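Bear in mind the structure is a predicted one, so any value in this text is a computation, not a measurement. Proteins get letters first, then strands, A, B, ... in listed order; numbering begins at 1 in each.
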Amino acid sequence: MTSASSLARAGQQRAKRTAIRVASVGVLMFGFAFALVPLYDMVCNAIGLNGKTNTDAYSYDSARTSVDKTRLIRVEFLTINNDYMPWKFYADKSSVRVHPGELKTATFHVHNPTDRVMVGQAVPNVAPSQTARYFHKTECFCFEQQRLAPGESLEMPLRFLVDTELPAGIRTISLSYTLFDASDYASPEASGLENQVGLGQTVPTQEVIGRGQ
Amino acid sequence: MAFMSRLSRLSVALAGLFCSAFVLADSTMMEAIPPFNMTQGVTSISQEAYWLHMAVFWITVGIGLVVFGVMFWSMIFHRRSPDRQPATFDDNKALEITWTVAAFLILVVMAWPATMTMLKIGDTSDSDLTIEARGYQWKWQYKYLDEDRNAQVSFFSNLATPAGEIENRQTKGEYYLLEVDEMLVIPTHRKVRFLVTSNDVIHAFWVPDFGIKSDAIPGYINERWVRVEQPGIYRGQCTELCGRNHGFMPIVVRAVEAAEYDQWYAQKLAQQKEIDALSQQEWTAEQLFSLGEEVYVKHCLVCHQANGQGVPPAFPSLVGTEMVLTDKEGHIDIVYNGKAGTAMQAFGVQLNPVDLAAVIHYERHAWGNDSGDVTTPLDILKFAQKQ
Amino acid sequence: MAEATASTHIEHSGPDAGITRWLYTTNHKDIGTLYLWFSFLMFLFGGVLALVVRAELFQPGLQFIEPQLFNQMTTMHGLIMVFGAIMPAFVGFANWLIPMMVGAPDMALPRMNNLSFWILPFAFAMLASTFLMPGGAPDFGWTFYAPLSTTYAPDSVTFFILAIHLMGASSIMGSINIIATILNMRTPGMKLMDMPLFVWSWLITAYLLIAVMPVLAGVVTMMLFDIHFGTSFFNAAGGGDPVLFQHVFWFFGHPEVYIMILPAFGIVSHVIPAFSRKPLFGYSSMVYAMAAIAIMSMVVWAHHMFTVGMPTVAQLIFMYLTMLIAVPTGVKVFNWISTMWRGSITYETPMMFAIAFIILFTLGGFTGIMLAIAPADYQYHDTYFVVAHFHYVLVAGALFGIFSGIYYWFPKWSGKMYNEGLAKLHFWLSFIGFNLTFFVQHFSGLAGMPRRIPDYALQFADFNMISSIGAYLFGFSQLLFLFILVSAIRSGKPATQEVWDNAEGLEWTVPTPAPYHTFETPPEFKSRRAH
């Protein structure tokens, strides 16, 4: 009996150690859930998962990039306003044609019709999704937020090139920008309001050229 | 009554289904039995999906016959009986390896054609036409992405089933819940590419006869393509839970010959331009009121109810409120821009100025409201310009 | 003082009298009983919600509840059945059986055991209370996809998140306890590969829980931060991504479905040999198959997301991996049938449920293979075909496994025999009701009926009517189950010492009914496999 209960007690001692080890695995896995966030972004960036394009400027060296004149790719622009985003948002042209390797500029416009200062964030996405890794933006308004005063307008450039490695079968790339109301997520660097004005004040409609060139 | 006749059909349906459901698929007994198998559809993708479905189904039926055959044999012939002792074996390595390998090989056989179809679905190149399908709570917007921005047709497609049918006050029509006020029109024999996206939450675009289903995710565009060879009307539904009226946002596509399509497109485009012009024209209060009632029934009634009293607090009443009686500007603003954080959407992007003016006018004069003013399309245009 | 009392109790005495017995108990049998009754209560609650859903779907048109409430019903039905009924029921079995099967006096960490149970009533009270809140209960589906569950959610979502946290904590503590018990408290001589299969199934399940419940906790924490603290894990406006939610959720969600089926595999692996009077066929391959299923379940999550728009290659990889799971699952089915082969079979209620389990679970497995085929899945996804599929594996799988286990061990636990005739009736009503409800859902799904809709097109009407009739039959036959249990406890015939002729395992060596304390001295154990 005594030996039996001491056996059980020894078992319980070991059990506590096991419990601590197992619990620490649990804690690790909780951390792992959060690690999935950057991990996911890395995978997206590396293989263009889900048509997410580069989020930082692509460094472009004109001397080293050859232009493939034999192919002409149509790049289609979609501008989408997310729920409750009252800005006017459109591209100059609905599409452009571009040779792979050729640097191209497209212009987008936003206008804030409301009577409050708002911050917008455009989220890019391409289809077919596997073209994301061949679509390089050297300059994009989507890299940063836009802050617009009431009635203010902004002209925003997008400079991009299509990689010469683009798979042969692809002739069209659709690039969409979904514009979200990011006023609740405004970062201090949001562009478009260099010499601006406090909240709620109205400024006359004017064309402001986007920063970052 | 419908209820009784359905009950009487149940016995037929049950007998048919439980005996040999899938075998009956092509038989003439179909009249009594509703569709119960995957559609073959009208695109090569939907047909391949169907054949994959049937092939895998029959393979599993085959496996099932063997496995359950052995099992039932055992259940019948290996019952306890006084003259037989149970066997004692509990292992047979050869047998275990055999069935593991067999299961694996069967799976390879299934995976091969599935892979081929997947590669085909992924090939969206060389399309003749691109249509953006955008999900909203709870309707679809279709936009034909013509290269000329001024020649892009765009419209909303709403459930057309009247509330009376849904609330069982009227007899339900043949296409109950699968009918819309304005169908998506596509040409046959052309490769049509869909770019599917969403305005708010996740929806899913599904037309069973096309064999494509694509989630509509805010911030994303998803690509699918179809080439429909057969003219006709094809019906589908949103298939991702998207809130209250998830069950009430059908997708109806009319596929027509190319010539008819071109004609429709030209007409639609002209119509769109005409509405712009109409907005500038003079309207009488009566015209606005009656048009407004139509618009209200279609777009506002589900939430604000037929009597305008809504379902507070989620859907506020429109009867006798401060805004409806005095604040016209505010009224236009809330209808045009919606109200963030509530179910009230921004109708400015969904309705044309004529409809907007009419419905606001209607709300300001219906149910005993008497604001004493008139809201015209010009008011809406002015409001929009001022924005 | 309290400690001293507790330890004396463990060593020497029977249960306290009255309510404190249940509040303060650290006895694995008491806690097992609490878990099982609690899960039964939740099963009835979730069942009532399902019946409301089926009432609304009896005919086309909106009859009883408006769409928002309908969404709340389907959401809460799913959450309560998954987290409140199935999982706690298996933990209840684990509490009762694992110490008795490995020859231990109790669970390794008895006080934590008490805590992990008593968290649950609070968690579910909190979850259920959301029905009374303005804006209503969670209505975004049990999969709670962002942004419907974040930006567009009712206010009660915060309580939902806290409730999930509590049940997650309870599950994790339960799993820690189970692992600690199995690894350290086995009677001398019992090697891992000597353990009964139910113990093995729970060891693997517990590891799965430890691996994925924290991920669920992580994902709801991210939601909480998004909703209240201005972060944007899932909100694209702030740089987040709603698709990320689905990846993280299904990283938890797919193993979760195996968490709900593995212990049932364990139960059936006891019942089939007992009533076939023949040892279990292929013990070691059963263990390896479960381990393989558990490991593979961690790498197939994206098959729930074929329509999300992943690159074709990624979809193909997830398709192949998913199809591979059919191999170990098939091996298990073959092994059970080989166990029956040339046995000496009798058909008592536990065996009936176990056989129904094998047949219906296999059907669910077949539809599972069909669903794995990505191009076909485009047609099946989010239709009633999927609803039928997962009810075949979770009701006919997990729940029938639970019924089988209850009828099998109940006499040993309670010392009373249930009424075999009524139990058979319960089986047949459940079997018929279940198939009536869910078999036809394959057809409505294939014909194109999306899931989670409160109203449907007319061509689905017949199927839905049949389904609703079946659901009421199935639902009300569970009251019969309650009656069978209660009447057996109150006035059942005493069960015999061995209960069944060929039931094997240490749990059958203790007296009937199982005394409050068992195996205070480790029992003798002779490995059958070491011949």
Chemist: At what distance, to the nearest 0.5 angstrom, does CG of L39(A) lie from CG of L244(C)?
Modeler: 10.0 Å
Chemist: Who in residues 212-226 of chain C is close to chain A, using a strict under-4.5 Å heavy-atom cut-off?
Modeler: P214(C), V215(C), A217(C), G218(C), T221(C), M222(C)
Chemist: Measure M107(C) against the heavy atoms of chain A and call it side chain, backbone, both or neither at under 4.5 Å.
Modeler: backbone
Chemist: Side chain, backbone, both or neither: which part of F32(A) has a non-hydrogen atom closer than 4.5 Å to chain C?
Modeler: side chain
Chemist: Heavy-atom distance under 4.5 Å to chain C: side chain of V37(A), backbone, both or neither?
Modeler: both
Chemist: Counting heavy-atom pairs under 4.5 Å to chain A, which of N235(C), V313(C), V308(C), N177(C) comes out on top?
Modeler: N235(C)
Chemist: Looking at G26(A), P128(A), G31(A), A127(A), which has the largest count of heavy-atom pairs under 4.5 Å with chain C?
Modeler: G26(A)
Chemist: Which pairs count as disulfide (SG to SG under 2.5 Å) when at least one residue sits in residues 108-171 of chain A, sequence neighbours excluded?
Modeler: C140(A)-C142(A)
Chemist: Go through the structure and list residues passing ring pair (Phe, Tyr, Trp, His ring centres under 6.0 Å) with F519(C), not counting sequence neighbours.
Modeler: none
Chemist: Return the minimal non-hydrogen interatomic distance between A182(A) and A237(C), and the atom names on each side.
Modeler: CB-O, 3.5 Å
Chemist: Identify which part of T231(C) has an atom lying under 4.5 Å from any heavy atom of chain A, answering side chain, backbone, both or neither.
Modeler: backbone
Chemist: Within this structure, what is the CE-CZ distance for the pair M29(A) and F252(C), rounded to the nearest 0.5 Å?
Modeler: 12.0 Å
Chemist: Is Y185(A) in contact with chain C via its backbone, its side chain, both, or neither, using a 4.5 Å heavy-atom distance?
Modeler: side chain
Chemist: Below 4.5 Å, heavy atoms only, C-beta onward: do V248(C) and Y40(A) meet side chain to side chain?
Modeler: no
Chemist: Sequence neighbours left out, what passes side-chain hydrogen bond (donor to acceptor under 3.5 Å, both in side chains) with Y207(C)? Give chain and number order.
Modeler: none
Chemist: Here's a test for you: under side chain to side chain contact (heavy atoms under 4.5 Å, CB included), which of L183(C), T181(C), I182(C), L109(C) qualifies with T18(A)?
Modeler: L183(C)
Chemist: Taking CG in D155(C) as the centre, count heavy atoms belonging to other residues, nucleotides or ligands within less than 6.0 Å. Is the count above 12?
Modeler: no
Chemist: Counting only heavy atoms closer than 4.5 Å, note whether D184(A) contacts chain C via side chain, backbone, both or neither.
Modeler: neither
Chemist: Calculate, to the nearest 0.5 Å, the distance between atoms NZ and CG belonging to K16(A) and N184(C) respectively.
Modeler: 11.5 Å
Chemist: Please determine, among D83(A), D41(A), I20(A), the option with the most heavy-atom pairs under 4.5 Å with chain C.
Modeler: D83(A)
